[in-house]
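Both backbone and side-chain heavy atoms feed into the values below; hydrogens, waters and symmetry mates do not. Here is how names work: the chains are called A, B, and so on, in the same order as the sequence lines, proteins then strands, and each is numbered from 1. Since we're looking at a predicted model, the values are computed, not measured.
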Number of protein chains: 2
Amino acid sequence: MSITGDLIRGHTDTIILAQLIKEDSYGYQINKAILDKTEGRYELKEATLYTAFRRLESAGLISSYWGDENTGARRRYYRITPAGRNAFTQMKNEWEEAKLTIEKLVEVQE
Amino acid sequence: MSITGDLIRGHTDTIILAQLIKEDSYGYQINKAILDKTEGRYELKEATLYTAFRRLESAGLISSYWGDENTGARRRYYRITPAGRNAFTQMKNEWEEAKLTIEKLVEVQE
DNA sequence: ACGATATACCTCGCCTGTCAAGGTATCTCA
DNA sequence: TGAGATACCTTGACAGGCGAGGTATATCGT
């Protein structure tokens, strides 16, 4: 497990957008990529993942389309929008700031 | 504002415990210390702060007692328990791990 | 004398994101 | 044929953050 829900909370959207910057992808693949990148230490729960997709699409940060595989299970692909790229940059900045702040606050002063 | 609720979520308890490691303190002072340490960029909302105190006390990580000031408003002081110190160490480790994980995941791969 | 501001505490109820649990359908391989 | 992987989805419970509201005391300027 390692990372609990509340520690990751608020990063889910950023993490998903990050996976879509380079190329379009679909739910299952995105989660596999996350699992790989973290060497098995973290994966999004499916319910969380799909909730996030809905949220991001409503917000106009991603758009979706069905893949045209003619074999295997159908896939819904997601594409990051220009607004999504802006939002991602913003979120990364916020994370950098938050990281420094948290770092400062969990440090025990001598 | 800078840090939104969901980014800080899950760190509230750790932050409060960190302020109590060195010495006992009370709500208002803890929040002021946080404000100082972050140069005004962050403070816990009062409702969040007091909710956290209740939670931490229920969990046995802090204990509380009324100060004996004979002037000014009454103060409820909080003291970290041995279990609280252990929990704090654990929480800091989890944060270190989470930080590395998030860092890896919000990075855009070339 | 009086209002504003700071100190200091507290609770209620809403909102939002996570996730356990359940479901569907297709393909591969033993 | 049946287990396991791929791939999607929804519902409802739960928990933490926080806006809004409340109480009481002390200080300081006018």
Side-chain angles (χ1 to χ4, degrees), chain A residues 1-17 19 24-36 42-59 61-62 64-78 91 98 101-102 105, chain B residues 1-17 19 24-36 42-59 61-62 64-78 91 98 102:
Chain A
M1 65 117 230
S2 73
I3 298 196
T4 66
D6 278 334
L7 282 188
I8 212 70
R9 189 172 173 136
H11 298 293
T12 306
D13 292 359
T14 317
I15 288 168
I16 292 174
L17 289 180
Q19 318 308 312
D24 295 4
S25 188
Y26 57 94
Y28 215 77
Q29 192 177 55
I30 289 172
N31 225 5
K32 281 276 172 293
I34 290 171
L35 204 59
D36 278 358
Y42 185 64
E43 68 177 327
L44 291 171
K45 303 300 177 301
E46 286 202 1
T48 303
L49 185 67
Y50 290 108
T51 303
F53 285 144
R54 301 289 156 269
R55 186 170 54 240
L56 288 166
E57 191 157 23
S58 299
L61 305 186
I62 59 175
S64 67
Y65 57 95
W66 287 103
D68 60 355
E69 301 77 31
N70 41 22
T71 178
R74 66 199 178 145
R75 298 171 179 166
R76 187 197 282 274
Y77 282 84
Y78 295 96
M91 288 172 187
T101 302
I102 294 169
L105 290 176
Chain B
M1 65 120 232
S2 72
I3 298 195
T4 67
D6 278 333
L7 282 188
I8 212 70
R9 189 170 173 139
H11 298 292
T12 308
D13 293 358
T14 317
I15 289 169
I16 291 175
L17 289 180
Q19 318 307 312
D24 295 4
S25 188
Y26 56 96
Y28 217 77
Q29 193 178 53
I30 289 172
N31 226 4
K32 282 275 172 294
I34 291 170
L35 204 58
D36 278 0
Y42 185 65
E43 68 178 325
L44 291 171
K45 301 302 177 302
E46 286 202 2
T48 303
L49 186 68
Y50 290 107
T51 303
F53 284 146
R54 302 291 157 269
R55 186 170 54 238
L56 288 167
E57 192 157 21
S58 300
L61 305 187
I62 60 174
S64 69
Y65 57 94
W66 287 103
D68 61 354
E69 302 77 32
N70 41 22
T71 180
R74 66 197 179 147
R75 296 171 179 169
R76 186 197 283 274
Y77 284 85
Y78 294 97
M91 288 172 186
I102 294 168

Could you list the residues that satisfy side chain to side chain donor-acceptor pair (under 3.5 Å) with [X], not counting sequence neighbours?
{"X": "B:S25", "answer": "B:Q29"}
{"X": "A:Y28", "answer": "none"}
{"X": "B:E57", "answer": "B:S64"}
{"X": "A:D6", "answer": "B:R9"}

Can you find a side chain N or O atom of [X] that sits less than 4.0 Å from OP1 or OP2 on [N]?
{"X": "B:T51", "N": "D:dG16", "result": "no"}
{"X": "B:Y50", "N": "C:dT11", "result": "no"}
{"X": "A:R9", "N": "C:dC19", "result": "no"}

Task: Closest-nucleotide ordering on DNA chain C, the 5'-leading residue of A:T12 and B:R76 - done: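 Its nearest nucleotide being more 5', the pick is B:R76.
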
Ignoring the backbone of [X], work out which of [options] is nearest its side chain.
{"X": "A:A47", "options": "D:dT11, C:dT18, C:dC10", "result": "D:dT11"}
{"X": "B:R55", "options": "D:dT11, D:dG17, D:dG19", "result": "D:dG17"}
{"X": "B:R75", "options": "D:dT10, D:dC9, C:dA8", "result": "C:dA8"}

- [ ] Output all residues satisfying ring pair (Phe, Tyr, Trp, His ring centres under 6.0 Å) with B:Y26, sequence neighbours left out; order by chain, then residue number.
- [x] B:Y77

Task: 5' priority, DNA chain D, between A:D6 and A:Y77 [closest heavy atom] - done: A:Y77

Task: Per-nucleotide protein contact string for nucleotides 22-30 of chain C, where B marks a base within reach and S marks sugar-phosphate only (heavy atoms under 4.0 Å, - for neither) - done: ----SS---

Find the distance [X]:[atom1] to [N]:[atom2] and express it as a whole number of Å.
{"X": "B:R54", "N": "D:dG17", "atom1": "CZ", "atom2": "C1'", "answer": "16 Å"}
{"X": "A:W66", "N": "D:dA7", "atom1": "CH2", "atom2": "P", "answer": "12 Å"}
{"X": "B:E43", "N": "D:dG17", "atom1": "CD", "atom2": "P", "answer": "15 Å"}

Task: Interface with DNA chain C, restricted to residues 24-33 of chain B and to heavy atoms under 4.0 Å - done: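 Listed by number, they are B:Y26, B:G27, B:Y28, B:K32.
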
Task: With sequence neighbours excluded, residues passing side chain to side chain contact (heavy atoms under 4.5 Å, CB included) with A:T51 - done: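 For A:T51 the side chain to side chain contact (heavy atoms under 4.5 Å, CB included) partners, ignoring immediate neighbours, are A:R55.
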
